[in-house]
Amino acid sequence: MQMTQTDAEKRLSEMHMSDMPVMEFARAGAHVDSDWFVKYKKLCHEFMMSLTDSVEGLVMLNLTQDEFMALIMGRAVPANTSFRLRVPLTWGGKLDISNMFMCRTFPTSMRLDEFIIEQSGARTVWLPNPAGKVYVPQHNISGGDGGNATSDRLSQIAAQIVAARGMGQ
(Lines give C-alpha, C1' and ligand atoms only; values in the text may rest on other atoms or scores of the structure.)
Protein backbone atom coordinates (compact mmCIF):
# COMPACT_ATOMS: atom_id res chain seq x y z
CA MET A 1 0.00 0.00 0.00
CA GLN A 2 1.38 3.41 -0.98
CA MET A 3 1.43 5.76 2.03
CA THR A 4 1.96 9.47 2.31
CA GLN A 5 4.17 10.82 5.07
CA THR A 6 1.03 11.77 7.00
CA ASP A 7 -0.31 8.20 6.60
CA ALA A 8 3.01 6.76 7.81
CA GLU A 9 3.16 9.04 10.84
CA LYS A 10 -0.46 8.28 11.70
CA ARG A 11 0.15 4.53 11.44
CA LEU A 12 3.22 4.76 13.69
CA SER A 13 1.18 6.78 16.16
CA GLU A 14 -1.43 3.99 16.20
CA MET A 15 1.46 1.63 16.99
CA HIS A 16 2.44 3.86 19.96
CA MET A 17 5.50 5.30 18.21
CA SER A 18 4.32 8.81 17.40
CA ASP A 19 7.85 10.11 18.05
CA MET A 20 9.48 7.87 15.41
CA PRO A 21 10.77 9.96 12.49
CA VAL A 22 10.46 8.43 9.04
CA MET A 23 12.41 8.85 5.85
CA GLU A 24 11.06 8.46 2.36
CA PHE A 25 12.87 5.79 0.39
CA ALA A 26 12.47 4.68 -3.22
CA ARG A 27 12.77 0.90 -3.16
CA ALA A 28 15.26 -0.58 -5.56
CA GLY A 29 16.84 -3.99 -5.68
CA ALA A 30 20.49 -4.33 -4.71
CA HIS A 31 23.04 -7.09 -4.79
CA VAL A 32 23.92 -8.49 -1.37
CA ASP A 33 27.28 -10.23 -1.02
CA SER A 34 27.19 -13.87 0.07
CA ASP A 35 29.33 -13.07 3.13
CA TRP A 36 26.93 -10.36 4.36
CA PHE A 37 26.12 -12.18 7.60
CA VAL A 38 29.76 -12.46 8.68
CA LYS A 39 30.20 -8.75 8.01
CA TYR A 40 26.93 -7.99 9.80
CA LYS A 41 28.01 -9.86 12.94
CA LYS A 42 31.30 -7.93 12.98
CA LEU A 43 29.39 -4.68 12.51
CA CYS A 44 27.05 -5.55 15.41
CA HIS A 45 30.09 -5.96 17.65
CA GLU A 46 31.44 -2.56 16.52
CA PHE A 47 27.99 -1.02 16.98
CA MET A 48 27.75 -2.30 20.56
CA MET A 49 31.13 -0.82 21.41
CA SER A 50 30.10 2.51 19.84
CA LEU A 51 27.14 2.85 22.19
CA THR A 52 29.21 4.64 24.85
CA ASP A 53 27.96 7.87 23.25
CA SER A 54 24.33 6.79 23.73
CA VAL A 55 24.13 6.24 27.47
CA GLU A 56 21.00 8.38 27.83
CA GLY A 57 19.11 6.09 25.45
CA LEU A 58 20.52 2.94 27.01
CA VAL A 59 19.34 4.07 30.44
CA MET A 60 15.77 4.14 29.12
CA LEU A 61 16.05 0.45 28.26
CA ASN A 62 16.31 -0.29 32.00
CA LEU A 63 19.34 -2.53 31.60
CA THR A 64 21.06 -3.97 34.62
CA GLN A 65 24.65 -2.89 35.16
CA ASP A 66 25.83 -6.34 33.98
CA GLU A 67 23.72 -6.10 30.79
CA PHE A 68 24.97 -2.57 30.18
CA MET A 69 28.62 -3.56 30.60
CA ALA A 70 28.28 -6.66 28.41
CA LEU A 71 26.61 -4.55 25.72
CA ILE A 72 29.10 -1.69 25.50
CA MET A 73 32.03 -4.08 25.80
CA GLY A 74 30.67 -5.92 22.76
CA ARG A 75 30.18 -9.21 24.59
CA ALA A 76 26.41 -9.76 24.64
CA VAL A 77 23.16 -8.28 23.41
CA PRO A 78 20.57 -7.98 26.20
CA ALA A 79 17.45 -10.13 25.96
CA ASN A 80 14.57 -8.53 24.03
CA THR A 81 16.92 -6.19 22.19
CA SER A 82 17.30 -5.89 18.41
CA PHE A 83 19.70 -4.17 16.07
CA ARG A 84 17.94 -2.85 12.98
CA LEU A 85 19.18 -1.53 9.68
CA ARG A 86 17.55 1.76 8.72
CA VAL A 87 17.71 0.77 5.03
CA PRO A 88 17.66 -2.99 4.35
CA LEU A 89 20.63 -4.42 2.46
CA THR A 90 18.34 -5.74 -0.27
CA TRP A 91 17.23 -2.15 -0.94
CA GLY A 92 20.76 -0.76 -1.09
CA GLY A 93 21.43 -0.19 2.61
CA LYS A 94 25.05 -0.32 3.74
CA LEU A 95 26.69 -2.34 6.47
CA ASP A 96 27.66 0.72 8.43
CA ILE A 97 27.05 1.90 12.00
CA SER A 98 25.24 4.97 10.64
CA ASN A 99 22.66 2.61 9.08
CA MET A 100 21.88 0.93 12.42
CA PHE A 101 19.81 1.55 15.50
CA MET A 102 18.85 -0.47 18.54
CA CYS A 103 15.42 -0.99 20.09
CA ARG A 104 13.40 -3.48 22.08
CA THR A 105 12.45 -6.54 20.04
CA PHE A 106 8.98 -6.72 21.59
CA PRO A 107 6.98 -4.77 20.87
CA THR A 108 9.00 -2.09 19.03
CA SER A 109 10.98 -4.06 16.43
CA MET A 110 8.02 -6.31 15.75
CA ARG A 111 5.77 -3.29 15.16
CA LEU A 112 8.37 -1.72 12.85
CA ASP A 113 8.45 -4.95 10.82
CA GLU A 114 4.65 -4.82 10.57
CA PHE A 115 4.82 -1.16 9.52
CA ILE A 116 7.26 -1.94 6.70
CA ILE A 117 5.40 -5.07 5.56
CA GLU A 118 2.17 -3.04 5.33
CA GLN A 119 3.91 -1.01 2.63
CA SER A 120 4.74 -4.01 0.45
CA GLY A 121 4.10 -3.35 -3.20
CA ALA A 122 4.65 0.39 -2.83
CA ARG A 123 7.35 2.00 -4.97
CA THR A 124 8.17 4.52 -2.26
CA VAL A 125 8.22 3.40 1.37
CA TRP A 126 8.58 5.21 4.66
CA LEU A 127 11.34 3.74 6.79
CA PRO A 128 11.87 4.24 10.54
CA ASN A 129 14.73 6.66 11.08
CA PRO A 130 15.29 7.57 14.73
CA ALA A 131 17.70 10.40 15.47
CA GLY A 132 20.02 8.35 17.67
CA LYS A 133 21.47 4.88 17.94
CA VAL A 134 18.94 3.80 20.58
CA TYR A 135 15.19 4.15 20.14
CA VAL A 136 12.74 3.91 22.99
CA PRO A 137 9.18 5.10 22.29
CA GLN A 138 8.56 8.27 24.24
CA HIS A 139 5.63 6.80 26.14
CA ASN A 140 7.96 4.03 27.47
CA ILE A 141 10.55 6.41 28.89
CA SER A 142 10.66 5.83 32.59
CA GLY A 143 14.36 5.53 33.39
CA GLY A 144 16.06 2.88 35.43
CA ASP A 145 15.12 1.74 38.91
CA GLY A 146 17.49 4.31 40.38
CA GLY A 147 16.02 7.29 38.52
CA ASN A 148 18.63 9.95 37.77
CA ALA A 149 21.20 8.06 39.80
CA THR A 150 21.02 5.22 37.26
CA SER A 151 21.74 7.62 34.41
CA ASP A 152 24.61 9.21 36.33
CA ARG A 153 26.08 5.82 37.28
CA LEU A 154 25.93 4.46 33.73
CA SER A 155 27.32 7.74 32.35
CA GLN A 156 30.29 7.46 34.72
CA ILE A 157 30.88 3.84 33.71
CA ALA A 158 30.73 4.77 30.02
CA ALA A 159 33.15 7.66 30.55
CA GLN A 160 35.61 5.32 32.27
CA ILE A 161 35.40 2.86 29.38
CA VAL A 162 35.91 5.62 26.81
CA ALA A 163 38.96 6.85 28.72
CA ALA A 164 40.36 3.32 29.04
CA ARG A 165 39.98 2.76 25.29
CA GLY A 166 41.67 6.11 24.59
CA MET A 167 38.60 7.30 22.68
CA GLY A 168 38.17 10.56 24.56
CA GLN A 169 41.14 12.25 22.93
Does one hydrophobic cluster hold both Leu112 and Met3, with members joined at side-chain heavy-atom distances below 4.5 Å?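 Yes.
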
Give the minimum heavy-atom separation between Ala131 and Pro21, together with the two atoms involved.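 Smallest interatomic distance, heavy atoms only, reads N-CG, 4.5 Å.
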
Pro137 and His16: which non-hydrogen atoms are nearest, and at how many Å?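 Distance-wise, the nearest heavy atoms are CB-O, 3.6 Å.
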
Parallel, tilted or perpendicular: which one describes the rings of Tyr135 and Phe101, with boundaries at 30° and 60°?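 Geometry flag for Phe101 against Tyr135: perpendicular rings.
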
Using only atom types and a distance under 3.5 Å, with no angle test, would you say the side chain of [X] pairs donor to acceptor with the backbone of [Y]?
{"X": "Asn129", "Y": "Arg86", "value": "no"}
{"X": "Glu24", "Y": "Thr124", "value": "no"}
{"X": "Lys133", "Y": "Ser50", "value": "yes"}
{"X": "Arg84", "Y": "Ser109", "value": "yes"}
{"X": "Arg104", "Y": "Leu61", "value": "yes"}
{"X": "Thr81", "Y": "Ala79", "value": "yes"}

In Å, rounded to the nearest 0.5 Å, how long is the span from CE of Met15 to CE of Met110? 11.0 Å

4.5 Å side-chain heavy-atom contact, [X] and [Y]:
{"X": "Val87", "Y": "Leu127", "value": "yes"}
{"X": "Ile72", "Y": "Leu58", "value": "yes"}
{"X": "Met20", "Y": "Pro130", "value": "yes"}

Charged N-O contact under 4.0 Å between Glu14 and Arg11: yes

N-O pairing of Asp66 and Arg75 below 4.0 Å: no

Does the side chain of Asp96 come under 3.5 Å of the side chain of Ser98 through a donor N or O and an acceptor N or O?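 Their side chains do contain a donor-acceptor pair, which is all the 3.5 Å distance test asks for.
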
